[in-house]
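Encoded as structure tokens, the structure appears first; notes follow it.
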Protein chains: 2
Amino acid sequence: MSLKERLPDPQIPAHERVYRALRARIMHGELAPAQAMTLRGIAGEFDVSMTPAREALRRLVAEGALTVSASGRVATPQLAPERIEELAALRALLEPELASRALPRAHIALIDRMQAINATIGQMITNGDATGYIRSNLEFHRALYLRAQAPAMLALVETVWLQMGPPMRALYARTSTPQAPANHRKIIGALRAGDEPGLRLAIRMDVTNGLRMLVA
Amino acid sequence: MSLKERLPDPQIPAHERVYRALRARIMHGELAPAQAMTLRGIAGEFDVSMTPAREALRRLVAEGALTVSASGRVATPQLAPERIEELAALRALLEPELASRALPRAHIALIDRMQAINATIGQMITNGDATGYIRSNLEFHRALYLRAQAPAMLALVETVWLQMGPPMRALYARTSTPQAPANHRKIIGALRAGDEPGLRLAIRMDVTNGLRMLVA
DNA sequence: ATGGCCGGACTGTGATCACAAATTCGGGAT
DNA sequence: ATCCCGAATTTGTGATCACAGTCCGGCCAT
């Protein structure tokens with residue numbers, strides 16, 4: 001053995017696989033704030049060596065999804081309330097712009113899909129599935145923003161989502177009555193009506209309502 | 001020799017040193033678009049092994065400063081005009097907000113410093129120092145935005161600056177009459193007057209004027 | 001001369017190891 | 001019981017290497 005043994009590695013590199021898995025965990029709120037992780041721990045969990053594990057972690061640190069202490073230890077960040085408000089302000093700034101750009105390209109099929117996703121969100125709430133709720137919620141927004149044809153802007157918003165992952169988890173640990181579906185219905189309504197100002201407002205409300213619950 | 005030989009490595013890790021150097025190069029427009037680089041080349045240049053070189057490059061890729069081909073080669077991106085416009089739109093969206101938040105905290109010393117930086121910008125222009133011009137220009141903006149107490153927002157803007165580095169270089173290779181100082185004087189004036197709407201407008205004009213030159 | 005092909009050099013990926021710093025934990029003194 | 005200190009373990013950093021895929025050169029056939 002030792003230096004060969006390359007079995008199911010078609011196309012996607014190991015560091016990418018680790019990165020995607022960890023990123024999903026963080027964004028969907030599966031990790032609590034200030035949760036520490038070690039290179040060897042991650043490497044062992046994904047059955048890779050330290051090298052790809054280190055690359056994946058470093059990449060997440062670069063995106064602000066993880067913080068690194070002075071000694072090099074990495075952990076999910078413990079955000080101060082002002083930082084959470086700042087991230088929410090960024091969402092309130094960027095997402096209406098993305099929605100506005102997507103509006104002209106939002107055809108019926110998209111709106112129907114968003115409505116379906118919104119139904120899924122309702123199910124997640126009744127099931128008490130916090131992770132599934134967060135994931136579906138982001139999927140709802142991403143489905144719309146993808147139509148904006150603005151990859152750089154979307155990438156920025158996604159890093160903001162990433163940074164809000166752990167706080168979101170902490171939120172759903174204490175409260176349990178999200179009102180996202182109602183806001184989302186307003187978004188869908190504005191889309192149907194082609195009402196650009198209404199859409200911007202609905203998006204902003206949806207984003208800042210989530211915030212209000214987070215810091216309250 | 002071989003595995004020891006750790007001479008002047010106090011505090012700052014090798015991968016960080018490489019990262020900072022490359023980041024500055026890119027952001028200040030020292031690298032042309034579509035400029036390729038190799039792991040071993042970077043490693044050799046900074047007298048480190050491939051490992052820290054790889055980490056530095058991966059980090060820059062994560063920030064959008066570099067692109068990686070399907071085969072793993074990294075290079076500075078060759079941005080399509082729509083991408084450049086998108087980045088400029090992001091600046092126009094984020095920077096007025098940062099300026100607005102900095103306004104209440106902008107004391108005289110800061111304004112004086114910005115005026116001094118603006119004078120330096122003028123020198124850079126007369127000297128024909130493109131890199132120095134870009135660097136001073138960003139320094140002017142960063143000096144203001146630092147007062148906004150919004151680290152996440154500033155970090156996002158800086159990654160946008162990073163992505164615009166290579167195109168900026170390409171710009172100053174063909175034109176040579178930046179009008180930044182005039183816009184900057186308007187910014188300083190609005191700061192002195194405590195005029196928030198005027199400040200937002202001046203910032204937006206400064207940003208979009210640079211764009212107009214970029215795509216023209 | 002030109003177009004396709006084949007070989008070698010080059011490049012990124014991942015594993016493994018040496019090393020130093022840091023963290024942790026247990027025992028002893030107060 | 002509490003605090004402190006030192007040793008053992010754990011942890012990140014960086015170097016080196018094997019390997020496979022890619023890229024670039026010249027060479028041969030047409």
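Letters A, B, ... are given to chains in the order of the sequence lines, protein chains preceding strands, and every chain is numbered from 1. Just the heavy atoms: all of them, side chains too, but no hydrogens, waters or symmetry mates, feed the values below.
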Protein-nucleotides 21-23 of chain C N/O pairs closer than 3.5 Å?
{"residue": "C:dT23", "atom": "OP1", "partner": "A:Ser71", "partner atom": "OG", "Å": "3.4"}

Short N/O separations, protein against nucleotides 5-8 of chain C, under 3.5 angstrom:
none

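Residues from residues 43-68 of chain A lying near DNA chain D, meaning a heavy-atom separation below 4.0 Å, are A:Met50, A:Arg54, A:Arg58 in numerical order.
Counting heavy-atom neighbours within 6.0 Å of A:Arg204 CZ, excluding the residue itself, gives a total of 12 or less.
Rounded to the nearest 0.5 angstrom, A:Arg40 CZ and A:Arg54 CZ are separated by 9.5 Å. Atom NE2 in A:His28 sits 6.0 Å away from atom CG in A:Leu138 (nearest 0.5 Å). In this structure, CD1 on B:Ile187 lies 7.5 Å from CG on B:Leu144, to the nearest 0.5 angstrom. Distance check: A:Gln163 CD to A:Leu90 CG gives 8.5 Å after rounding to the nearest 0.5 Å. Note: B:Leu66 CG to B:Leu31 CG = 8.0 Å, rounded to the nearest 0.5 Å.
In this structure, OH of A:Tyr19 is placed 15 Å from P of C:dG14, rounded to the nearest angstrom. Rounded to whole angstrom, the span from the CZ atom of A:Arg17 across to the P atom of C:dT13 amounts to 15 Å. Separating the CZ atom of B:Arg40 from the C1' atom of C:dG14 is a distance of 12 Å, rounded to the nearest angstrom. Rounded to a whole Å, the CD atom of A:Gln11 is 13 Å from the P atom of C:dT13. Rounded to whole Å, the distance from CG on A:Leu39 to P on D:dG12 is 5 Å.
Every ring-ring contact (aromatic ring centres under 6.0 Å, His included) that B:His141 has, sequence neighbours left out, goes to B:Tyr145, B:His184.
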Please output the side-chain donor-acceptor pairs of residues 102-117 of chain B that fall under 3.5 Å, not counting sequence neighbours, one pair per line with the distance.
{"residue": "B:Arg105", "atom": "NH1", "partner": "B:Arg101", "partner atom": "O", "Å": "3.3"}
{"residue": "B:His107", "atom": "ND1", "partner": "B:Arg105", "partner atom": "O", "Å": "3.0"}
{"residue": "B:Asp112", "atom": "OD1", "partner": "B:Arg192", "partner atom": "NH2", "Å": "3.4"}

Solution key, residues 149-160 of chain B side-chain donor-acceptor pairs under 3.5 Å, sequence neighbours excluded:
{"residue": "B:Glu158", "atom": "OE1", "partner": "B:Arg23", "partner atom": "NH2", "Å": "2.6"}
{"residue": "B:Glu158", "atom": "OE1", "partner": "B:Arg142", "partner atom": "NH1", "Å": "3.0"}
{"residue": "B:Glu158", "atom": "OE2", "partner": "B:Arg142", "partner atom": "NH1", "Å": "3.0"}
{"residue": "B:Thr159", "atom": "OG1", "partner": "B:Leu156", "partner atom": "O", "Å": "2.8"}

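Salt-bridge annotation for A:Glu139 and A:Arg135: absent, with no side-chain N of the basic residue lying under 4.0 Å from a carboxylate O of the acidic one. Between B:Glu55 and B:Arg58 there is no salt bridge, since no side-chain N of the basic residue sits under 4.0 Å from a carboxylate O of the acidic one.
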